[in-house]
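Worksheet for the structure shown next.
Each chain gets a letter, A, B and so on, in the order the sequences are listed, and its residues count up from 1.
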Number of protein chains: 2
Amino acid sequence: MKRNPTSYVILGLLSIQSNLTGYDMRKAVQGSIGYFWAESYGQIYPALKQLTREKLIAASRKSAKGGRQRQEYALTEAGRACLREWLVLPFHNEPPRNEFLLKLFFAGEAAPSVAIAHLQDVQERNRRMLDTLNAIEATVPASQPSNPHLRYWMLTLGLGKTLTRAALEWGDSALVELSAQAAAQLPRSPKANRTASSRSPSRHKR
Amino acid sequence: MKRNPTSYVILGLLSIQSNLTGYDMRKAVQGSIGYFWAESYGQIYPALKQLTREKLIAASRKSAKGGRQRQEYALTEAGRACLREWLVLPFHNEPPRNEFLLKLFFAGEAAPSVAIAHLQDVQERNRRMLDTLNAIEATVPASQPSNPHLRYWMLTLGLGKTLTRAALEWGDSALVELSAQAAAQLPRSPKANRTASSRSPSRHKR
DNA sequence: TGGGTCATGTAATAGGTTACATGATTGC
DNA sequence: GCAATCATGTAACCTATTACATGACCCA
């Protein structure tokens, strides 16, 4: 049976923690696998209905928090089996579309400052990303020391940190190269092109 | 005017080289930006028609190669202006959906060998990727030494290499960790679990 | 009493893949 | 003659986002 990835995300989340609502799941995705996965309500709610029809999940409690209406779900045995089946299937890596790289690739059509600005933007995002990942690393293991999933969570986190750090280092050297080029092309007022050279290369936390 | 990314890919490709057919463009995408971008005919051909209607590109020559029917396109001045406008606009980094990481994150539900197999798969793909990128690096600059786009092409290539190498190193250490764990859990027949330990850590070309 | 967040959902639309259909040309 | 590649396109379908609609509860 073919199922969309959102369904497996739901099954996976419920395998870790029961009694989540659709709203909870969205939050959980953003707060844990957010750096490599995204889900919107428009995907989650229909998927919840479909999974319920197929008895892979079941509505568990209702209106627990205060008197607030709240539809929580739990994994059924069939759902757990379905998740396990999917886990062993080979993954297909999606056609990755990176608009930053696309603009950089075609940047010869624009002034050097354009590429430099995009690079600075990407560096800034990556610095924030690394901070976020470091914060997760500092708090999660302490709060769930004996969680059997922890080892895998830390592995995904580790790849995120590794890739982000590598991207930051590449970005620094790319900025150096492009700034030098921009300076060479506009040698008349060396004080004017502060855009790139005024920022010192980011010193990354390890 | 809002336009889909495929349109800008077409404009970008034509800014580098004229007289490409839709077929050529698909090939060019696969052979150059393929590691961070994908296009299908179902996107390209409709986009070509739309861009022609909007006069951002123009059908240039017909049936040049042999007697073969062949509709080639070229950038108009309006098209070039449109590309430049887009280049300076901030990029939005897409919600990245990485199924490998998704499976790794939820792998606690399955046997350790499942995660190990996925990891070996990803290492193999990354090794091949690095070979491809190295091959491009070895041939492209020699063939187009004075192309003004070359600097930017090499930058995107450099990021690809950097990220792939970083991923490979992470993968090696992840495999060591998971293999040790698997061995500790099945101490009865240490010769049996060859899946992970039989392969030596990949020695990557730099 | 009003803003923020919890909570659920739908409709419009965009974005994209895959499979199919067609046919010519090139090279073995 | 046959397979591979060049070449163009469409239709069906899936995936996914965004905006919208609705309303309750919490806290200041």
Side-chain angles (χ1 to χ4, degrees), chain A residues 1-10 13 19-31 33-34 36-53 57 59-73 91-99 102, chain B residues 1-10 13 19-31 33-34 36-53 57 59-73 91-99 102:
Chain A
M1 165 135 304
K2 229 195 133 194
R3 227 174 293 278
N4 68 11
T6 302
S7 300
Y8 295 109
V9 171
I10 292 171
L13 289 174
N19 300 320
L20 298 173
T21 67
Y23 191 86
D24 292 336
M25 293 177 195
R26 173 104 199 282
K27 288 255 142 165
V29 166
Q30 288 179 327
I33 59 180
F36 62 79
W37 202 269
E39 290 293 350
S40 62
Y41 293 131
Q43 294 277 109
I44 289 174
Y45 285 110
L48 284 173
K49 297 224 152 154
Q50 199 202 319
L51 289 171
T52 305
R53 268 200 311 278
I57 62 174
S60 53
R61 293 184 294 167
K62 257 190 178 171
S63 51
K65 253 191 193 162
R68 205 170 228 152
Q69 84 270 21
R70 212 180 126 78
Q71 187 49 264
E72 302 178 353
Y73 294 88
F91 60 92
H92 29 253
N93 46 355
E94 83 289 25
R97 287 182 146 209
N98 185 322
E99 202 182 49
L102 192 63
Chain B
M1 166 137 302
K2 232 194 131 195
R3 228 175 292 279
N4 69 10
T6 302
S7 300
Y8 294 108
V9 171
I10 292 172
L13 289 175
N19 301 321
L20 299 172
T21 68
Y23 190 85
D24 291 336
M25 294 177 194
R26 174 103 200 282
K27 288 257 143 164
V29 167
Q30 288 179 328
I33 59 179
F36 62 78
W37 202 269
E39 290 294 348
S40 62
Y41 293 129
Q43 294 277 109
I44 289 174
Y45 284 109
L48 283 174
K49 297 226 153 156
Q50 200 201 318
L51 288 172
T52 305
R53 269 201 312 276
I57 62 174
S60 52
R61 293 183 294 167
K62 256 191 177 170
S63 50
K65 253 188 191 163
R68 207 172 226 151
Q69 82 271 20
R70 213 180 126 78
Q71 188 48 263
E72 303 179 352
Y73 294 89
F91 60 90
H92 28 254
N93 46 354
E94 84 288 27
R97 288 183 141 207
N98 186 320
E99 201 180 52
L102 192 64

- Between atom CD1 in Ile44(A) and atom C1' in dT10(C), what is the gap in whole Å? 15 Å
- Message: Measuring from the side chain of Arg70(A) (C-beta onward, heavy atoms only), which nucleotide among dA7(C), dT18(C), dC6(C) has the closest atom?
- Response: dA7(C)
- Out of dA16(D), dT5(C), dG16(C), which nucleotide sits closest to the side chain of Thr6(B)? dG16(C)
- Query: To the nearest Å, how far apart are Gln30(B) CD and dT17(C) P?
  - Reply: 11 Å
- Message: Between P on dT17(D) and CZ on Arg97(A), what's the gap in Å once rounded to a whole number?
- Response: 14 Å
- Task: Give a yes or no answer on whether the side chain of Ser60(B) reaches the backbone of Glu72(B) with a donor-acceptor pair at less than 3.5 Å.
- Result: yes
- Task: Would you classify Pro46(A) as touching base, sugar-phosphate or nothing, given that sugar-phosphate means primed atoms plus P, OP1 and OP2, and contacts are heavy atoms under 4.0 Å?
- Result: nothing
- Item | Closest to the Ala38(B) side chain, choosing from dT17(C), dG16(C), dA16(D) | dT17(C)
- For Tyr23(B), all residues meeting side chain to side chain contact (heavy atoms under 4.5 Å, CB included), sequence neighbours excluded: Thr21(B), Lys27(B), Tyr41(B), Tyr45(B)
- Residues in side chain to side chain contact (heavy atoms under 4.5 Å, CB included) contact with Ser40(B), at least two apart in sequence or another chain: Gln43(B)
- Query: Residues two or more places apart in sequence or in another chain: which of them pass side chain to side chain contact (heavy atoms under 4.5 Å, CB included) with Tyr8(A)?
  - Reply: Arg3(A), Leu11(A), Cys82(A), Trp86(A)
- For Glu99(B), side chain to side chain donor-acceptor pair (under 3.5 Å) partners two or more places apart: none
- Task: Calculate the interatomic distance between Arg3(A) atom CZ and dC14(D) atom P; express it in whole Å.
- Result: 14 Å
- Shortest side-chain distance from Tyr23(B), nucleotide among dG9(D), dC6(D), dT8(C): dC6(D)
- Query: Rounded to the nearest Å, what distance is computed from the NE2 atom of residue His92(B) to the P atom of nucleotide dA14(C)?
  - Reply: 14 Å
- Task: Among dA7(D), dT17(C), dG9(C), find the nucleotide with the atom closest to the side chain of Lys49(A).
- Result: dG9(C)
- Have a look at the helix from dT1(C)-dA28(D) to dC28(C)-dG1(D) and give the angle its two end axes make, five pairs each, rounded to 10 degrees. 30°
- Item | side chain to side chain contact (heavy atoms under 4.5 Å, CB included) evaluation trace for Asn4(A) with Ser7(A) | CA-CA 6 Å; Asn4(A) 68 11; Ser7(A) 300; 3.0 Å; yes
- State which residues pass side chain to side chain donor-acceptor pair (under 3.5 Å) with Gln30(B); sequence neighbours excluded, sorted by chain then number. none
- Looking at dG15(C), dA7(C), dA16(D), which one has an atom nearest to any side-chain atom of Gln43(A)? dA16(D)
- Gap between atoms CZ and P, on Arg26(B) and dT5(D) respectively (whole Å): 14 Å
- Steps toward side chain to side chain contact (heavy atoms under 4.5 Å, CB included) verdict (Phe91(B), Leu102(A)): CA-CA 9 Å; Phe91(B) 60 90; Leu102(A) 192 63; over 6 Å; no
- Query: What nucleotide, of dT17(D), dG9(C), dC6(C), holds the atom closest to the side chain of Tyr45(A)?
  - Reply: dG9(C)
- Message: Let me spell it out: for each of Ser40(A) and Gly42(B), pick the nucleotide of DNA chain D with the closest heavy atom. Which residue's pick is nearer the 5' end?
- Response: Gly42(B)
- Query: Given dA7(D), is OP1 or OP2 found less than 4.0 Å from the side-chain N or O atoms of Lys27(B)?
  - Reply: no
- Message: Can you work out whether Leu48(B) or Asn4(A) has the more 5'-proximal nearest nucleotide on DNA chain D?
- Response: Leu48(B)
- Query: Closest to the Tyr73(A) side chain: dG9(C), dC6(D), dC6(C)?
  - Reply: dG9(C)
- Query: What is the distance, rounded to the nearest whole Å, between atom CD1 of Ile10(B) and atom C1' of dG16(C)?
  - Reply: 14 Å
- For the pair made of CD in Gln71(B) and C1' in dC6(D), what is the distance, rounded to whole Å? 15 Å
